[in-house]
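As the structure is a prediction and not an experimental result, all values here were calculated from the model.
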Amino acid sequence: LYQAQINKIDHILKKLQLRPGERLLDIGCGWGWLAVKAAREHGAEVLGITLSREQHRSALDRVEKEGLSGKVDIQLVNYLDLAGGGQHFDKIVSVGMFEHVGRENLSRYMEAVHRLLRPGGLSLLHSIMGTDENPVNPWIEKYIFPGGYIPSLRETLWLLPEYNFHLLHAESLRLHYAQTLD
């Protein structure tokens, strides 16, 4: 499972085409692994943000342990609050966080990314998506995404033109995920 997670991060970082010195925002940075690898292996300057105090502490410890305190900053902040602060990033990534914003906030997420991304920048959204717009399964609602929503690919793509975003690449990892679980 550890190697599968590292492979996923490497796959994401390759798609981002990071260059040394670029500013990367990691929305929902989790335990900080992607932020650390982006700085250490690609020379990016990274801001990771999370709402989890536990993940925040752990990610800060990881950054310090790796000696990347000058290259990676981890903050306990909401992406919506960050979007109003005037910062801009060359690249933005979000892995497994989009499902947590809720159906009513999908466009607010896109608006925030639009505000934070420099013109010509690149954003990568890694999310569980459904094939259609259905209510969240009660078990998933209770144990996995309380207050969240699994968006459909269709409704996500529908939002892109509103923010002058262009789909460059879409990939389904469904089969890979099944293999990981096996």
_Check ion pair Arg154-Asp132 (N to O, under 4.0 angstrom)_ = no
*Going from CG on Leu82 to CD1 on Ile27, what distance comes out if it is rounded to the nearest 0.5 angstrom?*
7.5 Å
*Same hydrophobic cluster for Leu159 and Ile128, using side-chain heavy-atom links shorter than 4.5 Å among ILVMFWY?*
yes
*Do any pairs count as a side chain to side chain donor-acceptor pair (under 3.5 Å) and have a residue in residues 18-29, sequence neighbours left out, and if so which ones?*
Arg19-Glu22, Glu22-Lys91, Arg23-Gln87
*Non-neighbouring partners of His100 that pass ring pair (Phe, Tyr, Trp, His ring centres under 6.0 Å), sequence neighbours left out*: Phe145
Residues 112-125 side chain polar contacts: donor-acceptor under 3.5 Å, at least two apart:
residue : atom : partner : partner atom : Å
His114  : ND1  : Tyr163  : O            : 3.1
Arg115  : NE   : Glu111  : OE2          : 3.0
Arg118  : NE   : Asp90   : OD1          : 3.3

*Do Val46 and Leu25 share a hydrophobic cluster (ILVMFWY, side-chain heavy atoms under 4.5 Å, transitive)?*
no
*Below 4.5 Å, heavy atoms only, C-beta onward: do Val101 and Glu99 meet side chain to side chain?*
no
*Before accepting this row, confirm whether a basic side-chain N of the pair Glu133/Arg103 lies closer than 4.0 Å to the acidic partner's carboxylate O.*
no
_With heavy-atom distances below 4.5 Å as the criterion, would you say the side chains of Val63 and Val36 are in contact?_
yes
*Taking side chain to side chain contact (heavy atoms under 4.5 Å, CB included) as the test, write out the residues that go with Asn7, two or more places apart.*
Gln3
*Tell me the side chain to side chain donor-acceptor pair (under 3.5 Å) pairs involving residues 62-72, sequence neighbours left out?*
Arg40-Glu66
*Can you tell me how far CD1 of Ile150 sits from OG of Ser127, rounded to the nearest 0.5 angstrom?*
8.0 Å
*Counting N and O atoms only, with roles assigned by atom type, does the side chain of Thr156 sit under 3.5 Å from a partner on the main chain of Ser152, one being a donor and the other an acceptor?*
yes
*Same cluster or not: are Phe98 and Val136 linked, directly or through other Ile, Leu, Val, Met, Phe, Trp or Tyr residues, by side-chain heavy atoms under 4.5 angstrom apart?*
yes
*Taking only residues two or more places apart in sequence or in another chain, which ones pass ring pair (Phe, Tyr, Trp, His ring centres under 6.0 Å) with Tyr149?*
none
*Mind checking whether Phe89 and Leu24 have side chains closer than 4.5 Å, heavy atoms only?*
no
